[in-house]
Amino acid sequence: MDDRFADVTDIARPRLLLIDGHSMAYRAYFALPVDKFATTTGEPTNAVHGFISMLATLLRVEEPTHVAVAFDAGSTTFRTVRFPQYKGTRDATPEQFKGQVPLIKEVLTSMRIPFLEKDMFEADDILATLSSQADALGMEVLVCSGDRDSLQFVNENVTVLYPVKGVSELARMTPDAVQVKYGVAPHQYPDLAALVGETSDNIPGVPGVGPKTAAKWINQFGGLEEILTHADEIGGKAGESLRAHLDQVRLNRELNHLLTDIELPFGPDDLRAQPWDREAMNAVFDALQFRTLRERLFAMHPAGQDSEQEAAQAAPEVEVVPLAPGVLAQWLDARADQTLGLDVAGRAVPAGGDAWAFAIADGADGAGSAIALDFADLTAADDVVLGTWLADATRRKVAHGGKATWHELAARGYDLRGIVFDTELAAYLCFPDQRGYDLGELVERHLGHELRALETDAGDQGSFDLSVGEGNQDSEANRLAVRAAALTDLAEVLGGELKDREAADLLATLELPLSEVLAQVERRGIAMDVDYLRDLEKHFSEIVAEAARSAYEVIGREVNLGSPKQLQEVLFDQLAMPKTKKIKTGYTTDAAALADLFAKTEHPFLEFLLAHRDATRLRQTVEGLLKAVADDGRIHTTFQQTIAATGRLSSTEPNLQNIPIRTEAGRRIRRAFVVGDGFETLLTADYSQIEMRIMAHLSGDTALIEAFRSGEDLHSYVGSRVFGVPTTEVTSAQRSKIKAMSYGLAYGLSSFGLSKQLGIEVGEAAKLMDDYFERFGGVRTYLTGVVDEARATGYTATIMGRRRYLPDLTSDNRQRREMAERMALNAPIQGSAADIIKVAMLGVEREIAERGLRSRLLLQIHDELVLEVGAGELTELEALVREQMGSAADLLVPLDVSVGVGASWHDAGH
DNA sequence: CTCACTACGTA
DNA sequence: CGTACGTAGTGAGG
């Protein structure tokens, strides 16, 4: 029996929750401010938020076992046919509301809550039908509706929850409550409503007859029929009025009678609450940008609880083997030809990490065995056995985030080899747009059971049945055992997913080997000139102080120059400058806007402010670097391999992929990155215009390919074709326009965007693009083709087959669809470039190792590699790097590599 | 303390 | 109304 919503003490009585979708969503829409609930793309979500929030509360508080939502199918119903004025006074549905009903349905679908709608009928009829059926089945029924007509089916088993304030406060309309509020029994409510009328439905009542009179008559005569029969006996003005409107009252009663016998695809029994599709919920809540609400829901039903049913058979059992002398070696030897799961607990950083416990498990089809132990409890003999096994590349291992595991083990002096599958990398390749790849979530999603520490509920259905050995009851180790045991099973499932996506090779030959390279790259770090960095910090600090002082002097007071809010006050109130571009919190004070303001006003405050901004940022960067220098005098960044949906790496703690280069002051920071002791120099090697070359390759455009083969300056060459002048006569202004456009095309730039960027008219920008496509028609064909294909297949692909799935390409929402289109344009280009440099990194490392050189790779900055050159190896290394980078992909155009050498990153740059 | 927002650095 | 990232400060909320 599914007990996910039910209180265990009250499980015998099924409880059905029915919701009138439209009326509650509509109330939510007016209850919450639409401007406070919108996605970053401006899509209003207030009704969705209010509705789902109310739903969450109902699920928690009422604990229904069965749930359904009914929607109105359209504005035409049998009632409007019978009485065209019905609901005629209603204002047109607000535009902001319309789009939100489908979103609510998306959420409901993800929560596997059925919703019903039926042509020609209203939601209330569906609710009445289901309610009466459920009542007959002995169920307890809760009807959540903002339509008072629903009060007619209230009885001892059926309660209506009627919104009193917004959607957060619901009145429990039991028979007693109806009696108290309206003075009649629930089944008599439509009689009362027929007499009184309902303004919101444009149903006129009997003039002069209000709820009080109506109730009095109903109680006096027993019901509407009797009132009508005895209409002649009723005296006074009210009686007169009634006799004048008998037909209207009869019609009213006919209209407000809810049908309890319409045909529906589901009966109450089919509405049993189902386990949520958490993946779908995550996707839809991501899109809606509901954070708190998602957490509120998930907190009600923690991961795993939903899938207990399905998990019953699938849940593996694993026994943790008590460790006696010799057992580890025996256990491992018995599994010499198996692939084993390995999980380590520790601090996974490239310098100063640690490991405190580990687990190794086989995944013997749900009845496995595991070793789980604190490193502190490891005997010297077992330590050797473990170290040998870890370092043996022929002993196959599955890890989740092998690079992190590698760092943890390296901190304890172990080498780790032989990782043949990494579940985190595999999940990333399959679902590159996902936020994270938590092992527990993956297990739940792909294995259908939860990853639960055993000691809380050992022996429970659906959990691991771990027999804990003597002296081996440490919970951390057991937690690890459960994780390790899941790895081989998960690897199998994700391996299948990879195959389906034709990405198995990508994992085995690219990402997995790359993770080993990155682990070493991170552990090496790059040497820093700390003294120089400190001087630089002092220097930038002085500029900051000076700029701040000058700025305060100009405006005659001290403000926080780092606060956009305070700056707005100074600029637009105190100094009364013209307003800049509007943003959520007022008017922007970004650098472009400030420069624009300076051009208009020449106010010295702006100069000082900009100088202060620049210097502050540079100082921050320097401070961040100083803090990141490890004990070895080097900075060890972490390269994230599963973050960027296009396939790029990213760099964190610190980010070494965004060190300034464009300004002279910024470039000075690069002087702090220096060659380390024992090495000759730094070498940087970067691809020139790799994205444009990929564009040429993928489009096959002969003119663009020729541009690269000609060996001339690309943008001048393209400019000469577009403007119809010799290459030598392309002005620098023309060249930069061409450059901006060429790169913009790869990002899905519009003529509007191009005009804004270049500060030209939209027409001129459009003309520029037309002229470009006139000469490079293959590019246009390619760009439109790539979106069409992605729409058809659901994904884009890079030259190495790395996919990015873009379901929004078919979205009804224009903003989302166009965003997806731009992603589709860019992903193959950015992603192919990422593929190529990853191949190059593997090639460079492999060649260096094969030739026994000491030189080593230190950094990757998307299209650039930084290496430390061993003494006497410069010439050979440069040739090797050029060769490996140049041959990393076989394109229709050459892959140009430029190399620089110097004692610092700045000096090695070009 | 966490979060959204603004701003800005890189490819 | 151009893609992909990470970081830092502010100010509002808890």
Side-chain angles (χ1 to χ4, degrees), chain A residues 36 38-42 289 291-292 295 432-433 559-568 580-581 583-594 609-610 613-614 616-625 627-628 637-640 643-663 665-667 669-670 686-692 695 740-758 762 765 783 796 804 806 814-815 818-831 833-834 837 859-864:
Chain A
K36 296 269 184 188
T39 62
T40 47
T41 55
Q289 297 166 4
R291 265 183 93 97
T292 332
E295 275 160 29
D433 274 282
V559 295
N560 184 345
L561 297 174
S563 163
K565 199 182 158 204
Q566 295 183 35
L567 285 179
Q568 287 179 40
T580 55
K581 194 180 68 179
I583 53 172
K584 277 186 186 171
T585 51
Y587 300 92
T588 184
T589 63
D590 67 19
L594 294 182
L609 175 57
L610 282 165
R613 279 252 178 95
D614 273 349
T616 304
R617 177 158 294 275
L618 291 166
R619 182 184 62 182
Q620 268 169 11
T621 304
V622 171
E623 281 173 352
L625 291 175
K627 271 186 254 173
T637 185
T638 297
F639 287 103
Q640 304 292 343
I643 295 293
T646 51
R648 274 192 178 177
L649 300 178
S650 73
S651 160
T652 61
E653 289 183 289
N655 180 358
L656 296 188
Q657 289 178 326
N658 72 340
I659 301 302
I661 192 169
R662 291 180 187 177
T663 64
R667 279 194 290 276
I669 297 177
R670 293 195 170 213
D686 65 47
Y687 285 115
S688 41
Q689 296 141 341
I690 189 169
E691 296 200 343
M692 287 310 299
M695 174 95 98
M741 178 171 59
S742 293
Y743 278 101
L745 289 176
Y747 300 147
L749 188 66
S750 63
S751 54
F752 178 87
L754 184 63
S755 72
K756 218 176 67 174
Q757 193 196 319
L758 295 177
V762 179
L783 291 174
T796 61
R804 181 171 187 185
L806 295 165
R814 204 180 89 177
Q815 288 202 42
E818 288 179 346
M819 182 68 171
E821 284 169 0
R822 291 192 295 272
M823 290 173 171
L825 289 172
N826 178 250
I829 296 169
Q830 190 184 116
I837 197 163
L859 296 176
Q860 186 248 50
I861 307 96
H862 307 308
D863 66 355
E864 171 187 6

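So that the names make sense, note that chain A is the first sequence line, chain B the second, and so on, each numbered from 1.
Among residues two or more places apart in sequence or in another chain, the ring-ring contact (aromatic ring centres under 6.0 Å, His included) test is passed with A/Tyr587 by A/Phe572. Listed by chain and residue number, A/Arg804 satisfy the salt bridge (Lys or Arg N to Asp or Glu O under 4.0 Å) test with A/Asp433 (two or more places apart in sequence, or in another chain). A/Thr588 is linked by a side chain to side chain donor-acceptor pair (under 3.5 Å) to A/Asp590, counting only residues two or more places apart in sequence or in another chain. Remark: A/Leu567 engages A/Leu561, A/Thr589, A/Phe605, A/Leu609, A/Arg613 in a side chain to side chain contact (heavy atoms under 4.5 Å, CB included) (not counting sequence neighbours). The salt bridge (Lys or Arg N to Asp or Glu O under 4.0 Å) search around A/Arg648 returns A/Glu691, not counting sequence neighbours. Remark: A/Glu818 pairs with A/Arg814, A/Glu821, A/Arg822 by the side chain to side chain contact (heavy atoms under 4.5 Å, CB included) rule, at least two apart or across chains. Checked against side chain to side chain contact (heavy atoms under 4.5 Å, CB included), A/Pro660 has the following partners two or more places apart in sequence or in another chain: A/Leu618, A/Thr621, A/Ile669. Scored by the side chain to side chain donor-acceptor pair (under 3.5 Å) test, A/Ser563 finds no partners at all (sequence neighbours excluded). With sequence neighbours left out, the side chain to side chain contact (heavy atoms under 4.5 Å, CB included) criterion links A/Gln620 to A/Thr616.
Atom C1' of nucleotide C/dG9 and atom CD of A/Glu623 are separated by 12 Å, given to the nearest angstrom. Note: CD1 (A/Ile829) to P (C/dA4) measures 13 Å, nearest angstrom.
OP1 or OP2 of C/dC5 has not a single side-chain nitrogen or oxygen of A/Thr646 nearer than 4.0 Å. Phosphate contact (OP1/OP2 of C/dG2, side-chain N/O of A/Arg822, threshold under 4.0 Å): absent.
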With side-chain hydrogen bond (donor to acceptor under 3.5 Å, both in side chains) as the test, would you mind laying out the steps for A/Thr638 and A/Glu653 before giving the verdict? CA-CA 6 Å; A/Thr638 297; A/Glu653 289 183 289; 5.3 Å; no
Each nucleotide N or O in nucleotides 12-14 of chain C that has a protein N or O under 3.5 Å away: list the pair and distance.
from   : atom 1 : to       : atom 2 : distance (Å)
C/dA12 : OP1    : A/Lys565 : NZ     : 3.1

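Taking atom P in both C/dG2 and B/dA4, the straight-line distance is 25 Å, to the nearest Å.
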Under 4.0 Å protein heavy-atom contact, by nucleotide of nucleotides 4-11 of chain B - B base, S sugar-phosphate only: SSSBBBSB
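Pairing analysis of DNA chain C (Watson-Crick: purine N1 to pyrimidine N3 plus N6-O4 or O6-N4; G-U wobble: N1-O2 and O6-N3; both under 3.5 Å) yields stems of 3 or more pairs at B:1-11 with C:3-13.
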